[in-house]
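Protein chains get the first letters and strands the later ones, always in sequence-line order, with residue 1 at the start of each.
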There are 2 protein chains.
Amino acid sequence: MQLSIGQVAERTGLSVHALRFYEKEGILAHQVHRGPGGRRVYTQQDVDWLRMCIMLRMSGMPVPEIRRYTELVRQGDGNEPQRLDILKEHQERVRQQMVQLQECLDTITYKVGIYEEYVNSIAAKAVGQ
Amino acid sequence: MQLSIGQVAERTGLSVHALRFYEKEGILAHQVHRGPGGRRVYTQQDVDWLRMCIMLRMSGMPVPEIRRYTELVRQGDGNEPQRLDILKEHQERVRQQMVQLQECLDTITYKVGIYEEYVNSIAAKAVGQ
DNA sequence: CTACGAACTAGAGTCGACTCTAGGTCAAGA
DNA sequence: TCTTGACCTAGAGTCGACTCTAGTTCGTAG
């Protein structure tokens, strides 16, 4: 299946700008093939790879680190331990991020509880009048 | 208890720059008192408020929204429902963020599993030689 | 033939949240 | 007296990740 940049944008939720940007930044596992008139032609594989990159980005992996990972994949067999290292390190960061977020959520939830109680007590009074 | 900006920086983990920046941005519930020589003097209350703001920031609330919340608090009693709205809306965003992060984490964990299996099988072969 | 929509490149611009600089005040210790 | 260190203001600079612009080139539909 051959896809234009616009179709890939639709399928991934990235903008066409972002797609060209990612390519320039070297975070496409395989060089994008060019069709007539120099237009990019993407494959399903490219889309799958992009979806993985989107996961990494969404969870806060910086572009340069995605590039390093991509480069390892491009180099081919033999560097799996390094790829694993990158992924495991990131996995740990995401876990910590979630712990932090949970802590924030607890604080906010506590505050919300207090305000809810207060606002309800005011409402009750108003009804009682 | 009176605290200098440096002491507050230590206690909150914010830089003195960030503290002045937050003040300029209007995200301090009560105007910071000034001591001799125009130096800022913070109270424990200020520190507590800042810790709350840090929670909000860490969980992704933008500075302008923290300012809106702060303004409501500064205005005093009567606008608790609005404060509650802001907090609840943010709470929901944080929850969604965590769901997303969990999804990313699952994907990454899946990948890590595959690579671990592969790397181990290679290691096993090497031992077998 | 012309106009349109979608693609192309190189490079400039934006946005949020700090971070840093320059130039200055002030109090305390050597 | 001199130096150091913590503080002050106003405003410039940075960083990451896009996003947008200008100026083209195509292929196709009217």
Side-chain angles (χ1 to χ4, degrees), chain A residues 2-28 31-43 46-47 50-70 90 93-94 97 100-101 104, chain B residues 2-28 31-43 46-47 50-70 90 93-94 97 100-101 104:
Chain A
Q2 313 238 108
L3 298 164
S4 71
I5 195 168
Q7 290 171 317
V8 174
E10 258 177 38
R11 257 152 247 233
T12 58
L14 295 168
S15 69
V16 295
H17 297 300
L19 283 168
R20 290 194 275 249
F21 170 73
Y22 279 10
E23 185 182 338
K24 226 186 335 184
E25 290 294 306
I27 64 182
L28 278 164
Q31 195 158 341
V32 190
H33 175 239
R34 296 303 180 109
R39 293 177 175 212
R40 290 169 180 82
V41 177
Y42 294 82
T43 65
D46 292 324
V47 174
L50 280 166
R51 283 208 232 273
M52 177 69 191
C53 291
I54 289 167
M55 285 290 178
L56 295 175
R57 276 293 306 122
M58 275 204 329
S59 51
M61 187 184 281
V63 167
E65 192 164 346
I66 301 183
R67 173 166 46 231
R68 245 177 296 139
Y69 180 66
T70 305
H90 184 59
R93 276 198 306 260
V94 176
Q97 222 189 123
Q100 266 199 344
L101 263 190
C104 295
Chain B
Q2 314 239 109
L3 297 165
S4 71
I5 195 169
Q7 290 172 317
V8 174
E10 259 176 37
R11 258 152 246 232
T12 57
L14 295 168
S15 69
V16 295
H17 296 300
L19 282 167
R20 291 194 275 249
F21 171 73
Y22 278 12
E23 186 182 337
K24 227 186 336 184
E25 290 293 306
I27 64 181
L28 277 163
Q31 193 158 342
V32 190
H33 175 238
R34 296 303 179 111
R39 293 177 175 213
R40 289 170 180 84
V41 178
Y42 294 82
T43 64
D46 293 324
V47 173
L50 280 166
R51 285 206 230 274
M52 178 69 190
C53 291
I54 289 167
M55 285 291 177
L56 296 175
R57 276 295 304 123
M58 276 204 329
S59 51
M61 187 184 281
V63 167
E65 194 167 345
I66 301 183
R67 173 166 47 229
R68 245 177 295 140
Y69 180 66
T70 305
H90 184 58
R93 275 198 307 261
V94 176
Q97 222 190 122
Q100 266 199 345
L101 262 190
C104 295

Do [X] and [Y] have side-chain heavy atoms sitting under 4.5 Å apart?
{"X": "A:Tyr22", "Y": "A:Arg67", "answer": "no"}
{"X": "B:Leu50", "Y": "B:Leu28", "answer": "yes"}
{"X": "B:Arg39", "Y": "B:Ile5", "answer": "no"}
{"X": "B:Leu56", "Y": "B:His90", "answer": "yes"}
{"X": "B:Gln100", "Y": "A:Met58", "answer": "yes"}
{"X": "B:Thr43", "Y": "B:Leu3", "answer": "no"}
{"X": "A:Leu19", "Y": "A:Tyr42", "answer": "yes"}
{"X": "B:Arg40", "Y": "B:Glu23", "answer": "yes"}

Review point. In residues 17-27 of chain B, which ones come under 4.0 Å of DNA chain C, going by heavy atoms?
Key: B:His17, B:Phe21, B:Tyr22

Review point. Think B:Ser15 has a side-chain N or O under 4.0 angstrom from the OP1 or OP2 of C:dC18?
Key: no

Check your understanding: Looking only at side-chain N and O atoms, does A:Ser4 come under 4.0 Å of OP1 or OP2 in C:dA7?
Key -> yes

What is the distance from [atom1] of [X] to [atom2] of [N], rounded to the nearest Å?
{"X": "A:Leu14", "N": "D:dA17", "atom1": "CG", "atom2": "C1'", "result": "12 Å"}
{"X": "A:Arg34", "N": "C:dC8", "atom1": "CZ", "atom2": "C1'", "result": "8 Å"}
{"X": "A:Arg40", "N": "D:dT25", "atom1": "CZ", "atom2": "C1'", "result": "14 Å"}
{"X": "A:Ile66", "N": "D:dA17", "atom1": "CD1", "atom2": "C1'", "result": "11 Å"}

Exercise for review: Could you check which residues of residues 50-64 of chain A get a heavy atom under 4.0 Å from DNA chain D? Sort them by number, please.
Suggested key: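 Here the set is A:Arg57, A:Pro62, A:Val63, A:Pro64.
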
Review point. Base, sugar-phosphate, or nothing: which does B:Gly37 touch, judged by heavy atoms less than 4.0 Å apart?
Key: nothing

Check your understanding: What does A:Gly38 touch in the nucleic acid at a heavy-atom separation under 4.0 angstrom: a base, only the sugar-phosphate, or nothing?
Key ->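 Sugar-phosphate, backbone atoms only, no base.
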
Can you pull every protein N or O that's under 3.5 Å from an N or O on nucleotides 1-5 of chain C?
none

Exercise: identify the closest heavy-atom pair between [X] and [Y]:
{"X": "A:Ser59", "Y": "A:Val94", "answer": "CB-CG2, 3.8 Å"}
{"X": "B:Arg57", "Y": "B:Met61", "answer": "NH1-O, 2.8 Å"}
{"X": "B:Ile54", "Y": "B:Thr12", "answer": "CD1-O, 3.7 Å"}

